[in-house]
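Lettering follows sequence order; numbering is per chain, from 1.
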Amino acid sequence: MTIRTRFAPSPTGYLHIGGARTALFSWLYARRHGGTFILRIEDTDLERSTAESVNAILEGMTWLGLEYDEGPFYQTERFDRYKEVIQQLLDGGHAYHCYCTREELDEMRAGQMERKEKPRYDGRCRHRAEPRAGVPPVVRFKNPDEGAVVIDDIVRGQVVFQNRELDDLIIARSDGSPTYNLTVVVDDLDMGITHVIRGEDHLNNTPRQINILQALGAHLPRYAHLSMIHGADGAKLSKRHGAVSFMQYRDDGFLPEALLNYLVRLGWSHGDQEVFSIDEMIELFDIDHVSHSASAFNPDKLLWLNHHYLMHADPLHVAHHLRWHLGQRGIDPAQGPDAADMVAVQRERCKTLVEMADASVFFYREFAHYEEKAAKKNLTTETAPVLRALAAALESLHDWNKEALHQAVTNVAETLGVKLGSVAQPVRVAVSGTSVSPPIDATLELLGREKTLARLRRAVQHIGEGAA
RNA sequence: GUCCCCAUCGUCUAGCGGUCCAGGACUCCGCCCUCUCACGGCGGCAACAGGGGUUCGAAACCCCUUGGGGACGCCA
């Protein structure tokens with residue numbers, strides 16, 4: 001049997017952490033078993049579904065690299081099929097028209113709540129065959145009243161629901177449109193889904209869906225309900241916890257592989273291993289080791305992983321992303337050091353591409369001001385001779401490379417009888433405008449002779465002006 | 001309120017009856033390295049929710065309590 005999994009988001013919001021993890025696990029499960037991964041957009045709620053959300057989901061999936069083999073399928077394009085199944089259930093006596101008004105239902109619920117009962121439809125229209133004037137009916141599924149539904153969940157084990165806890169859910173609205181529990185069942189059936197991997201919030205829907213599936217005489221898929229992901233504060237993950245759209249992570253300077261690695265470890269483990277390449281995830285992923293308990297989102301660990309990938313990924317690959325961020329700052333990456341070289345010198349001190357881009361701006365563009373504190377300490381009448389001496393040495397430097405530059409800086413320090421830091425730090429401030437940069441030899445090498453000399457002179461002049 | 005799920009360091013987790021006075025990772029704190037910031041290296045703080053069982057033996061199995069979470073829509 002070929003495994004077929006699906007990710008079925010509703011486009012009523014953006015792709016968030018929880019959704020992305022569900023998608024990842026479904027994708028991994030399919031990939032792990034040589035199966036098929038399907039994307040289905042559950043847009044039956046016309047009121048709340050938006051094209052923006054659909055785009056955000058598609059864009060997020062692409063950015064993460066979770067490619068789907070089939071789809072995207074849109075439920076709004078399958079209404080004819082749902083109507084057909086609803087009629088089939090009606091004909092088979094598994095569903096009936098309900099003429100209850102919203103007011104009636106509200107009243108019933110209020111009474112049940114008051115009696116501390118579970119709010120549920122009491123099935124009063126099961127036997128009320130005659131239509132009521134002016135009340136367009138909904139269609140309800142006739143849920144069995146006896147017995148129990150036993151779910152053999154792959155992550156949770158056996159979960160039992162008594163049928164008497166369930167009620168006759170609406171499968172078609174009064175305007176004839178199908179509802180969630182019906183469309184899911186029909187689609188999972190028609191699309192041949194073998195494994196339904198989804199959030200735990202759907203566990204309660206599962207017995208209802210199984211009952212409909214059984215009324216249809218269908219073969220049941222396997223279910224795997226993943227625990228929820230909470231925000232760093234332990235509360236429910238919501239739009240208030242930042243990252244409104246998953247694409248925010250791209251904008252914030254994260255690499256997709258870091259997100260994927262973080263996500264896979266949220267609720268799944270393989271011994272003590274923390275770092276997984278995509279190939280390793282696919283090779284090692286198994287539902288046996290999926291956690292039963294909810295987990296909290298930990299931004300610090302994501303940052304650590306992102307830094308790890310910045311450090312260890314192919315600089316050419318990271319450079320591709322860095323260029324995008326430099327572009328966001330109005331910089332043409334072609335007008336300056338090669339981005340891959342920049343990655344090589346910057347990556348150990350940057351946790352995000354945003355930090356890296358910010359720290360790299362001075363290589364491409366003249367800075368307007370010296371950082372006040374740094375200039376006050378390092379650009380002084382005492383350091384001016386140091387800067388002049390280095391400028392002189394560099395003007396005649398034959399080979400503009402790291403080794404020669406290091407030697408030149410060391411020589412100046414020795415000649416003047418000062419420590420290396422007494423040369424490097426003023427030079428750093430002179431060329432970068434700040435007190436932080438890659439090692440001075442690497443900085444000067446990448447900056448180039450022209451910019452280096454110009455900035456050393458500019459700094460000397462700056463000191464002169466301050467003294468005068 | 002009713003039903004369902006869950007429960008190991010602050011967080012992510014290892015653990016599938018003895019090798020656990022509980023291991024790894026993030027964070028935090030020391031020390032070393034050092035031209036800045038970092039990287040790196042070494043070390044440290046920190047947990048089996050509580051109570052009953054089962055067993056020669058329980059973090060692991062069972063029950064209860066407590067505490068979290070989810071569901072209870074003509075939303076998905």
Side-chain angles (χ1 to χ4, degrees), chain A residues 8-13 42-45 47-49 75 98 100 102 105 109 112-120 136-140 151 153 155-156 159-162 164-167 169-175 177 179-181 183-184 199-207 225 227-228 230 232 234-236 262 265-275 288-289 291-305 307 311 346-351 359 374 378 406 409-410 413 419-429 432 434-441 443:
Chain A
S10 68
T12 52
E42 310 219 322
D43 55 352
T44 53
D45 185 350
E47 304 270 304
R48 276 178 276 193
S49 298
Q75 294 190 320
C98 168
C100 293
R102 288 174 206 253
L105 297 175
R109 264 192 283 274
Q112 286 161 334
M113 297 280 255
E114 208 170 309
R115 276 173 271 129
K116 303 207 185 295
E117 287 168 14
K118 183 179 192 166
R120 54 196 290 287
V138 298
V139 178
R140 285 184 186 271
I151 303 165
D153 194 277
V155 345
R156 270 151 227 293
V159 183
V160 182
F161 287 88
Q162 296 301 322
R164 76 178 112 81
E165 295 293 338
L166 275 23
D167 63 358
L169 74 165
I170 291 172
I171 54 176
R173 301 183 181 93
S174 48
D175 65 1
S177 65
T179 62
Y180 168 73
N181 280 298
T183 58
V184 173
E200 197 190 357
D201 47 341
H202 288 294
L203 187 53
N204 292 286
N205 286 321
T206 308
H225 287 95
S227 291
M228 306 274 84
H230 297 155
K236 189 178 176 180
Y262 178 73
R265 282 288 289 107
L266 208 53
W268 176 77
S269 61
H270 182 72
D272 286 337
Q273 190 171 342
E274 295 288 350
V275 177
D288 282 356
H289 290 85
S291 165
H292 292 192
S293 49
S295 44
F297 180 71
N298 183 188
D300 281 333
K301 192 155 182 178
L302 207 211
L303 237 20
W304 173 77
L305 269 169
H307 183 225
M311 291 276 277
Q346 292 285 29
R347 58 185 179 179
E348 67 188 38
R349 84 203 81 255
C350 303
K351 290 191 167 171
N378 293 289
H406 184 79
V409 173
T410 308
K419 288 187 295 183
L420 185 59
S422 302
V423 177
Q425 202 54 10
V427 171
R428 172 167 287 116
V429 176
S432 76
T434 74
S435 59
V436 176
S437 88
I440 202 65
D441 48 3
T443 300

Give me, pair by pair, the N or O atoms of the protein and of nucleotides 18-23 of chain B that are less than 3.5 Å apart, along with how far apart they are.
{"unit_1": "B:rG23", "atom_1": "N2", "unit_2": "A:D272", "atom_2": "OD1", "d": "2.9"}

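- Between B:rA49 and B:rG67, the distance separating the two P atoms is 16 Å to the nearest Å.
- When heavy atoms are screened at a 4.0 angstrom cut-off, A:F161 is found touching the sugar-phosphate backbone but no base atom.
- Here the straight-line distance linking atom SG of A:C350 with atom CE of A:M311 works out to 10.5 Å at 0.5 Å rounding.
- Shown here, B:rC28 forms a base pair with B:rG44; the pair counts as Watson-Crick or G-U wobble because both key distances fall under 3.5 Å.
- Distances were taken from every side-chain heavy atom of A:Y180 (C-beta onward) to each of B:rU13, B:rG70, B:rA76; the shortest belongs to B:rA76.
- Comparing the same atom, P, in B:rG23 and in B:rA14 gives a spacing of 15 Å after rounding to whole Å.
- For A:D300, the listed nucleotide lying nearest its side chain is B:rC26; candidates were B:rC74, B:rC3, B:rC26.
- B:rC61 is paired with B:rG53 under the criterion used here, namely a Watson-Crick or G-U wobble arrangement in which both key atom distances are under 3.5 Å.
- One atom, NE2 of A:H289, and another, C1' of B:rG15, lie 10 Å apart when rounded to the nearest Å.
- Nucleotide B:rG73 forms a pair with no other nucleotide shown, judged by Watson-Crick or G-U wobble geometry with both contacts under 3.5 Å.
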Stepwise side-chain hydrogen bond (donor to acceptor under 3.5 Å, both in side chains) check, A:Q112 with A:R109:
CA-CA 5 Å; A:Q112 286 161 334; A:R109 264 192 283 274; over 6 Å; no

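- Mapped onto RNA chain B by nearest heavy atom, A:E42 and A:H270 fall at different nucleotides, with A:H270 at the one closer to the 5' end.
- Environment of CE in A:M113: sparse, with no more than 12 heavy atoms of neighbouring residues, nucleotides or ligands closer than 6.0 Å.
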5' to 3', nucleotides 31-48 of chain B under a 4.0 Å protein heavy-atom cut-off (B base, S sugar-phosphate only, - none) gives ----BBBBS---------

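- Note on A:D175: nothing from the nucleic acid sits closer than 4.0 angstrom, heavy atoms only.
- When the P atom is used for both B:rA60 and B:rG53, the distance is 15 Å, rounded to whole Å.
- With hydrogens and angles left out, the side chain of A:K301 and the base of B:rC12 share a donor-acceptor pair within 3.5 Å.
- One interatomic measurement links the two molecules: CD of A:Q75 to P of B:rA76, which rounds to 9 Å at whole-angstrom precision.
- Here A:S269 lies in heavy-atom contact (under 4.0 Å) with sugar-phosphate atoms only.
- Checked by atom type and distance alone, the side chain of A:Q162 never pairs as donor or acceptor with a backbone atom of A:R164 at under 3.5 Å.
- With a 3.5 Å ceiling on both atom-pair distances, the Watson-Crick or G-U wobble partner of B:rG67 is B:rC6.
- Classification of B:rC4 as anti follows from a glycosidic angle more than 90° from 0.
- Taking atom P on both B:rU8 and B:rC62, the two are 16 Å apart, rounded to the nearest angstrom.
- The distance from atom CZ of A:R164 to atom C1' of B:rU2 is 12 Å, rounded to the nearest whole Å.
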Would A:L266 and A:W268 satisfy side chain to side chain contact (heavy atoms under 4.5 Å, CB included), going step by step from the backbone distance to the final call?
CA-CA 6 Å; A:L266 208 53; A:W268 176 77; over 6 Å; no

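- Rounded to whole Å, the separation between the C1' atoms of B:rG44 and B:rG50 comes to 30 Å.
- Residues A:C100 and A:R115 both approach RNA chain B. Their nearest nucleotides, taken by heavy-atom distance, put A:R115 toward the 5′ side.
- Phosphate proximity of B:rG73 to A:R109: present, with a side-chain N or O under 4.0 Å from OP1 or OP2.
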Before you tell me yes or no, could you show the steps for A:S293 and A:S227 under side-chain hydrogen bond (donor to acceptor under 3.5 Å, both in side chains), namely the whole-Å CA-CA distance, both residues' side-chain angles and the distance that decides it to 0.1 Å?
CA-CA 6 Å; A:S293 49; A:S227 291; 6.0 Å; no

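- In this structure, B:rU36 makes no Watson-Crick or G-U wobble pair, since no nucleotide meets both defining distances under 3.5 angstrom.
- Comparing the P positions of B:rC39 and B:rA25 gives a spacing of 15 Å, expressed to the nearest Å.
- Across all strands, A:G267 comes closer than 4.0 Å only to sugar-phosphate atoms, never to a base (heavy-atom distances).
- The CD1-P distance, from A:I171 to B:rC75, rounds to 14 Å in whole Å.
- In this structure, A:K116 reaches the sugar-phosphate backbone alone: every heavy-atom distance under 4.0 Å involves primed, P, OP1 or OP2 atoms, never a base.
- Judged by distance alone, with hydrogens and angles left aside, A:D43 brings no side-chain donor or acceptor close enough to the base of B:rA76 to form a pair under 3.5 Å.
- Using atom P as the reference point in both B:rC48 and B:rA59, the two lie 11 Å apart (nearest Å).
- For A:R102, counting side-chain heavy atoms from C-beta on, the closest listed nucleotide (B:rG70, B:rU13, B:rC74) is B:rC74.
- Under the 4.0 Å criterion applied to side-chain N and carboxylate O atoms, A:R156 and A:E200 are assigned as salt-bridge partners.
- Annotation for A:V138 and A:R173: closest pair CG1-C, 4.0 Å, computed over non-hydrogen atoms.
- Side-chain N/O atoms of A:T12 and A:S49 include no donor and acceptor closer than 3.5 Å.
- Distance NE2 (A:H225) to P (B:rA71): 12 Å, rounded to an integer number of Å.
- When each of B:rC74, B:rU2, B:rA76 is scored by its nearest atom to the side-chain atoms of A:S174, the top-ranked nucleotide is B:rC74.
- With values rounded to the nearest 0.5 angstrom, A:L303 atom CG is found 9.5 Å from A:N298 atom CG.
- When the P atom is compared between B:rC21 and B:rA38, the two are found 39 Å apart, to the nearest whole Å.
- Smallest separation of non-hydrogen atoms from A:I170 and A:T179: O-OG1, 2.7 Å.
- In this structure, the NE2 atom of A:H230 is 12 Å from the P atom of B:rG68, given to the nearest Å.
- Rounding to the nearest 0.5 Å places CD of A:Q425 at 12.0 Å from NZ of A:K419.
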Could you list all N or O pairs between the protein and nucleotides 5-9 of chain B that sit under 3.5 Å apart?
{"unit_1": "B:rC5", "atom_1": "O2'", "unit_2": "A:R156", "atom_2": "NH1", "d": "2.5"}
{"unit_1": "B:rC5", "atom_1": "O2'", "unit_2": "A:E200", "atom_2": "OE2", "d": "2.5"}

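- Atom C1' of nucleotide B:rU11 and atom CG of A:L303 are separated by 14 Å, given to the nearest angstrom.
- The CG atom of A:N204 lies 8.0 Å from the OG1 atom of A:T206; values are rounded to the nearest 0.5 Å.
- One can place CD of A:E274 at 13 Å from C1' of B:rU27, the figure rounded to the nearest angstrom.
- Between A:T44 and A:S177 there is no side-chain heavy-atom pair separated by less than 4.5 Å.
- The shortest distance between the side-chain N/O atoms of A:S295 and the OP1/OP2 oxygens of B:rC12 is not below 4.0 Å.
- A distance of 5.0 Å separates OG1 in A:T443 from CD1 in A:I440, rounded to the nearest 0.5 Å.
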